[in-house]
Amino acid sequence: MNSASSLDIDFSAPAAEVAPALIGVILTLNGVGGRIVEVEAYDHDDPASHCFGGITPRNQVMFGPPCHAYVYRSYGIHWCFNIVCCPPGHGAGVLIRAIEPLFGIDTMRTRRGMDNVRLLCAGPGRLCQALGITMEQSGTAVNRPPFQLLPATEPVTVVTGPRIGISKAKETPWRFGLADSRFLSRSFCQ
DNA sequence: AAAAGGATTCACT
DNA sequence: GTGAATCCTTTTG
């Protein structure tokens, strides 16, 4: 696309600031992807975060440079995709939970083995399967090929709520979503 | 070397 | 809305 359209997001900012800024952003991997409609922030001093307790071989990527991918295996079955933020050494990231499919939908259908577009990327494990994200991408930059990040094409209204599927710090309202999107993994109760 | 713990998904009621 | 499966990765001894 045009070189002037670099993303207006400072990934060295705190996760809770980067997360809502990512709503509406276009994310693709090898041309397959769409608009981010749901994310969650996970910060360094957050008991629910993999970063909590300090650096380990597994989470070292999140302590590395921002704007990189942190991918991990969930429940032994699914991949989950995060974008690292905050300065190196801090340890924080934003979990991408849902995407509105826009590009390469047929590829997504094949990978997911289903036709229902609404369910192709509605969930962290699902969107990784649809985009083809695996450990291979962990530690790579998200703003360079084969990834591509483009600014939101139109103004967005961001809604907030408690995070999903965690056992600790459930109260922290660090889940962000695109208001009224039908591609959310679950609806917001507000 | 072994054990424990999931930032989930799917199917069913 | 509820319950169960499912397999890997990380962590610890």
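The shown structure was predicted, so the numbers you read here are calculated from the model rather than taken from an experiment.
Rounded to whole Å, the separation between the P atoms of B:dA7 and C:dT12 comes to 16 Å.
Here A:Arg73 does not reach the OP1 or OP2 of B:dT8: none of its side-chain N or O atoms lies under 4.0 Å away. Between B:dC10 and A:Arg112, a contact under 4.0 Å exists linking OP1 or OP2 to a side-chain N or O. Dashed line: the shortest gap from a side-chain N or O of A:Ser49 to OP1 or OP2 of B:dA7 is not under 4.0 Å. A sub-4.0 Å separation between OP1 or OP2 of B:dA7 and a side-chain N or O of A:Arg175 is absent.
Between A:Glu40 and A:Arg97, at least one side-chain nitrogen of the basic residue sits less than 4.0 Å from a carboxylate oxygen of the acidic one, meeting the salt-bridge criterion.
In this structure, A:His44 has its ring center at least 6.0 angstrom away from the ring center of A:Phe52. In this structure, A:Phe176 has its ring center at least 6.0 angstrom away from the ring center of A:Phe188.
A distance of 8.0 Å separates CZ of A:Phe81 from CG of A:Leu131, quoted to the nearest 0.5 Å. To the nearest 0.5 angstrom, A:Leu29 atom CG is 9.5 Å from A:Cys128 atom SG.
Using a 4.0 Å heavy-atom cutoff across all strands shown, A:Arg97 reaches sugar-phosphate atoms only and no base atom. If you check every strand for non-hydrogen atoms under 4.0 Å, A:Thr56 touches sugar and phosphate atoms only.
Where A:Met135 and A:Ser74 each meet DNA chain C at their nearest nucleotide, the meeting point lying more 5' is that of A:Ser74.
The separation between A:Ile77 atom CD1 and C:dT9 atom P is 12 Å, rounded to whole Å. Straight-line distance from the CD atom of A:Gln60 to the C1' atom of C:dT9: 14 Å, rounded to whole Å. Per the geometry, CD1 belonging to A:Ile164 stands 15 Å off P belonging to C:dT2, to the nearest Å. For the pair A:Tyr75 OH and B:dA4 P, the interatomic distance rounds to 17 Å; values are reported in whole Å. At whole-Å resolution of the value, OH in A:Tyr72 and P in B:dA7 are 6 Å apart. Rounded to an integer number of Å, the gap from A:Ile166 CD1 to B:dG6 P is 11 Å. Rounded to a whole Å, the CZ atom of A:Arg126 is 5 Å from the P atom of B:dT9. For the pair A:Trp79 CH2 and B:dA7 C1', the interatomic distance rounds to 15 Å; values are reported in whole Å.
Within the shown strands, nothing qualifies as a pairing partner of B:dA7 under the Watson-Crick or G-U definition with both distances less than 3.5 Å. Pairing of C:dT6, defined by two Watson-Crick or G-U wobble distances under 3.5 Å, is not identified with any nucleotide.
With its ring centre under 5.5 Å from that of the base six-membered ring and a plane angle below 30°, A:Tyr42 counts as stacked on B:dA7.
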